[in-house]
Amino acid sequence: MLEKREVLDQITKIPSLHMHHAKPLLRWFLARGVDIRALKLDTAIAAYLLDPSDNRFVIGEVLSRYTNWVFPASQGAQSDQLDFGNEANDVSRRSACDALAINALLNPLNDALAKQGVKTLYYEVELPLVRVLAKMEHVGIAVNKKALTSINDHLIHEVQKLTGVLHGLAGREFNLNSPTQLREILFEERKLQPGKKTKTGFSTDAATLEKIRDQWPEFIDPLMRYREFEKLRSTYGEGLIQSVAKDGRIHATFNQMVARTGRLSSDQPNLHNIPVRSDEGKVFRTAFVPSDGNMFMVADYNQIELRCIAHLANDPGLIEAFTNSVDVHAVTAARVFSVETKDVTSAMRAQAKMVSYGLAYGMEAFGLSQRLAIGVDEATKILDAYFIAFPNVRRYMDETVAEARKRGYTVTLFGRRRPIPELNNPNFRIRQAGERQAMNSGIQGLAADIFKVALVHIDDQLSEANLESRVILQVHDEVIIEAPPHEREQVNDLVLAAMKNAASLSVPLEVNAAWGETWADAKA
DNA sequence: TCGGCCGGTCA
DNA sequence: CGTGACCGGCCGA
């Protein structure tokens with residue numbers, strides 16, 4: 001009988017491992033000091049890449065999807081089921097089933113990957129990424145719990161004050177967090193003129209409150225501040241404190257099989273939506289800190305999705321803007337509003353920015369008019385002007401939708417597919433939603449692919465250079481590295497180069513990098 | 001207890 | 001009537 005240590009060491013000597021959903025197991029081994037590098041196939045990840053629209057990746061389902069075999073049903077095995085007799089459904093039986101299933105899936109999955117033309121994407125990007133993510137989860141991110149608690153205490157105080165004020169103004173106590181009870185106060189007792197409706201009644205969301213504010217500003221104003229503070233308190237204050245593990249760090253999970261565009265997602269907790277826009281919210285980022293003696297490097301792509309559009313649409317104006325410009329939104333505004341770049345006002349720039357990003361999401365005149373608070377006719381003019389300035393963008397959008405409808409799926413530059421059956425749905429609204437998804441997935445998907453390549457390369461090159469620095473966190477187009485100060489220059493160069501060179505587009509990939517003592521500090 | 005809904009945070 | 005996510009709270013089943 002081998003000692004436990006020896007068993008773990010034996011694992012590292014296995015040259016080739018095939019697993020289903022390997023990340024949790026890799027992380028389990030990392031917690032015991034074993035870094036498994038031999039993962040050669042992950043059947044769950046393969047199934048995801050083959051069809052990211054599926055959300056069931058348990059091995060039994062993948063097995064029946066890609067082979068003629070099925071897992072034994074609880075009632076008893078049928079002829080073409082994996083059959084281990086009538087033994088109890090215990091762990092060893094289950095493990096044997098898994099092993100057989102993985103083996104049975106090897107060829108079918110590899111064939112399917114080859115047929116879709118995504119073997120490179122799988123073996124060069126998705127598969128190595130599994131271990132990178134396992135390491136990120138294992139290491140986690142350190143949290144200054146005192147700072148976090150103090151932020152939360154402040155929020156509790158503010159929420160309490162505002163609760164008292166609002167109950168006083170309403171004339172009675174009620175649950176401020178209940179849209180139902182809030183509706184009673186606003187629209188029944190106070191007879192405010194309501195805005196838009198939801199499925200269950202009149203809306204009380206921030207945009208609506210803004211519109212009806214003037215009818216009762218002394219209530220609406222503190223209500224909106226209450227909403228802001230209560231959101232920060234419950235989700236980030238209480239939520240993050242709860243998530244801090246015994247080692248003083250937060251170990252979120254980074255899910256590789258959720259987002260239909262190829263992006264990663266984060267949960268338990270979600271570290272992808274830590275506040276940054278409002279002053280009250282972004283203080284949470286001061287509580288995220290490097291391990292003792294280290295610094296944070298934060299590097300993020302500059303407008304990567306717009307650069308993806310420039311490349312995919314092959315639009316001369318957009319490519320020129322990204323190749324030569326220091327301020328693409330200003331250049332876009334100049335072209336859209338037919339003025340000299342130097343004469344672009346901040347309002348024009350903001351509108352141009354909104355148009356650019358809106359396009360990436362398939363936005364139309366109505367949507368633009370809502371966001372810019374202008375008339376639909378004016379929004380139409382702006383969009384028309386945009387498409388005159390950047391004609392290939394419209395052509396790209398049209399062709400992308402047409403091809404996706406014909407094939408039933410979209411394909412990114414790197415070959416990642418996404419089925420969009422809604423494109424042929426008889427329901428107009430559903431079909432239109434499918435069109436927006438089709439327009440967006442090539443863009444968001446390419447950005448995701450590029451970022452994943454960068455992540456794998458960064459991790460690879462950090463080990464290759466024998467550096468202590470390590471990837472801690474990822475937020476779609478941003479990576480956070482924990483680095484000892486003496487590695488700063490080397491890491492800075494390495495990370496920037498890896499990100500810029502992750503793909504070769506017809507526009508350069510620009511990366512901003514900053515160093516600091518907290519996540520909040522490391523902002524360029 | 002669970003799931004749908006509302007509202008809100010991020011890229 | 002802009003894409004992609006996750007989460008806390010409410011509320012009815």
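Every chain is numbered from 1, with letters handed out A, B, ... down the list of sequences.
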May I ask you to say what A:Ser441 touches in the nucleic acid, namely base, sugar-phosphate or nothing, with a heavy-atom cut-off under 4.0 Å?
-> nothing
A:Glu210: side-chain contact (heavy atoms from CB on, under 4.5 Å) partners, not counting sequence neighbours = A:Arg213, A:Met224
Among all residues two or more places apart in sequence or in another chain, which pass the side-chain contact (heavy atoms from CB on, under 4.5 Å) test with A:Asp267?
-> A:Thr253
Show the numbers, then the answer: is there a side-chain contact (heavy atoms from CB on, under 4.5 Å) between A:Val118 and A:Phe414?
-> CA-CA 8 Å; A:Val118 288; A:Phe414 290 7; over 6 Å; no
Backbone N or O of A:Phe174 within a donor-acceptor pair of the A:His167 side chain at under 3.5 Å?
-> yes
Assign A:Ala259 to base, sugar-phosphate, or nothing according to its heavy-atom contacts below 4.0 angstrom with the strands shown.
-> sugar-phosphate
Take A:Thr261 and A:Asp267, find for each the nucleotide of DNA chain C with the closest heavy atom, and name the residue whose nucleotide sits nearer the 5' end.
-> A:Thr261
Side chain A:Arg233, main chain A:Leu155, donor-acceptor under 3.5 Å | no
Derivation and outcome, side-chain contact (heavy atoms from CB on, under 4.5 Å), residues A:Ile458 and A:Val471 | CA-CA 8 Å; A:Ile458 289 169; A:Val471 181; 3.8 Å; yes
Set of residues satisfying side-chain contact (heavy atoms from CB on, under 4.5 Å) with respect to A:Glu61, sequence neighbours excluded | A:Arg56, A:Val58, A:Arg65
Have a look at A:Gln432 and say if it touches a base, only the backbone sugar-phosphate, or nothing, with a 4.0 Å heavy-atom cut-off.
-> nothing
Would you list the pairs meeting salt bridge (Lys or Arg N to Asp or Glu O under 4.0 Å) in which at least one residue belongs to residues 495-514 of chain A, sequence neighbours left out?
-> A:Arg307-A:Glu510
With a 4.0 Å cut-off on heavy atoms, is A:Asp300 in touch with a base, just the backbone sugar-phosphate, or nothing at all?
-> nothing
Which pairs with one or both residues in residues 346-368 of chain A pass side chain to side chain donor-acceptor pair (under 3.5 Å), sequence neighbours excluded?
-> A:Asp327-A:Arg349
Residues in residues 362-393 of chain A with a heavy atom under 4.0 Å of DNA chain C, by number, are A:Met363, A:Phe366, A:Gly367, A:Arg371
Tell me, please, the opening and closing nucleotides of DNA chain C, 5' to 3', among those with an atom under 4.0 angstrom from a non-hydrogen atom of chain A.
-> C:dC1 to C:dC11
Pairing residues for A:Ala22 by the side-chain contact (heavy atoms from CB on, under 4.5 Å) criterion, not counting sequence neighbours = A:Met19, A:Leu26, A:Leu39, A:Asp42, A:Val130
Write down the protein N/O and nucleotide N/O pairs, taken from nucleotides 1-3 of chain B, whose separation is under 3.5 Å; answer none if there are no such pairs.
none

With sequence neighbours excluded, tell me which residues meet salt bridge (charged side-chain N to carboxylate O under 4.0 Å, His left out) with A:Lys135.
-> A:Asp459
Provide the full list of side chain to side chain donor-acceptor pair (under 3.5 Å) pairs with a residue in residues 137-150 of chain A, sequence neighbours left out, each pair given once.
-> A:Lys23-A:Glu137, A:Arg27-A:Glu137
Take nucleotides 4-11 of chain B nucleotide by nucleotide from the 5' end and write B, S or -, depending on whether a protein heavy atom sits under 4.0 Å from the base, only from the sugar-phosphate, or from neither.
-> -SSBBBSB
When you look at A:Gln215 and A:Gln193, which way does the side-chain hydrogen bond (donor to acceptor under 3.5 Å, both in side chains) test go after all the steps?
-> CA-CA 8 Å; A:Gln215 297 181 52; A:Gln193 201 64 5; over 6 Å; no
Take atom P in C:dG2 and the same atom in B:dG4, then report the distance between them in whole Å.
-> 24 Å
